[in-house]
Amino acid sequence: VLNRRFAGFVPSSQTYSYPIESVQVLSGSKNVTIAPGAGGAMLTSVGDLHPHMYSPNQLFTQAWMYEGLVSYGQNGEIMPALATKWESEDIEGAGQRFNFTLRQGVTFHDGTDFSCEAVKLNFDHVLSDG
């Protein structure tokens with residue numbers, strides 16, 4: 001709801017996201033609650049905020065908290081995000097290998113630099129048995 005309290009609504013370009021990218025709070029509390037179950041939808045909570053869980057309600061919230069190497073445009077096209085570009089090559093009998101060029105000057109919330117080590121740690125976690 002845009003009214004005297006909110007302005008500057010920007011719709012999300014993410015496929016699996018709430019339909020809002022940003023909004024400016026003009027007055028009142030700067031905390032804004034957007035509930036995934038609003039309007040009679042099937043979702044009643046956002047669930048676990050684990051970045052490697054992928055049910056629809058988790059994807060909505062994760063889009064605001066975590067940024068991936070790539071993002072998805074309005075029509076599902078893959079777009080640059082933390083990776084500025086990528087190349088893939090077919091590996092005979094083993095699938096594909098992807099090489100990502102990482103965006104420079106990115107830091108985590110605690111000031112730690114974003115690096116290939118952080119990306120590898122996440123891939124290792126996703127691909128592990130645990």
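Taking hydrophobic clusters as Ile, Leu, Val, Met, Phe, Trp and Tyr residues chained together by side-chain heavy-atom distances below 4.5 Å, V70 shares a cluster with V106.
Inter-residue side-chain proximity for W86 and T101 is flagged as unmet; no heavy-atom pair is nearer than 4.5 Å. L102 is listed as a side-chain neighbour of V119, based on a closest heavy-atom distance under 4.5 Å. Within the 4.5 Å cutoff, the side chain of F123 has heavy atoms near those of the L69 side chain. Within the 4.5 Å cutoff, no side-chain heavy atoms of F100 are placed close to those of C116. Counting heavy atoms from C-beta on, the side chains of R103 and K85 never come closer than 4.5 Å.
Annotation: salt bridge (Lys or Arg N to Asp or Glu O under 4.0 Å) contacts involving residues 86-97, sequence neighbours excluded, comprise E89-R97.
Distance check, rounded to the nearest 0.5 Å: CG of N122 to CD of E117 gives 12.5 Å.
In terms of the side-chain contact (heavy atoms from CB on, under 4.5 Å) criterion, residue partners of F108 (sequence neighbours excluded) are, by chain and number, D110, T112, F114, A118. For S27, the side-chain contact (heavy atoms from CB on, under 4.5 Å) partners are R5, not counting sequence neighbours.
Within 6.0 Å of CD on Q96 lie more than 12 heavy atoms contributed by other residues, nucleotides or ligands.
Residues S71 and A81 approach most closely at N-CB, 4.0 Å, considering heavy atoms.
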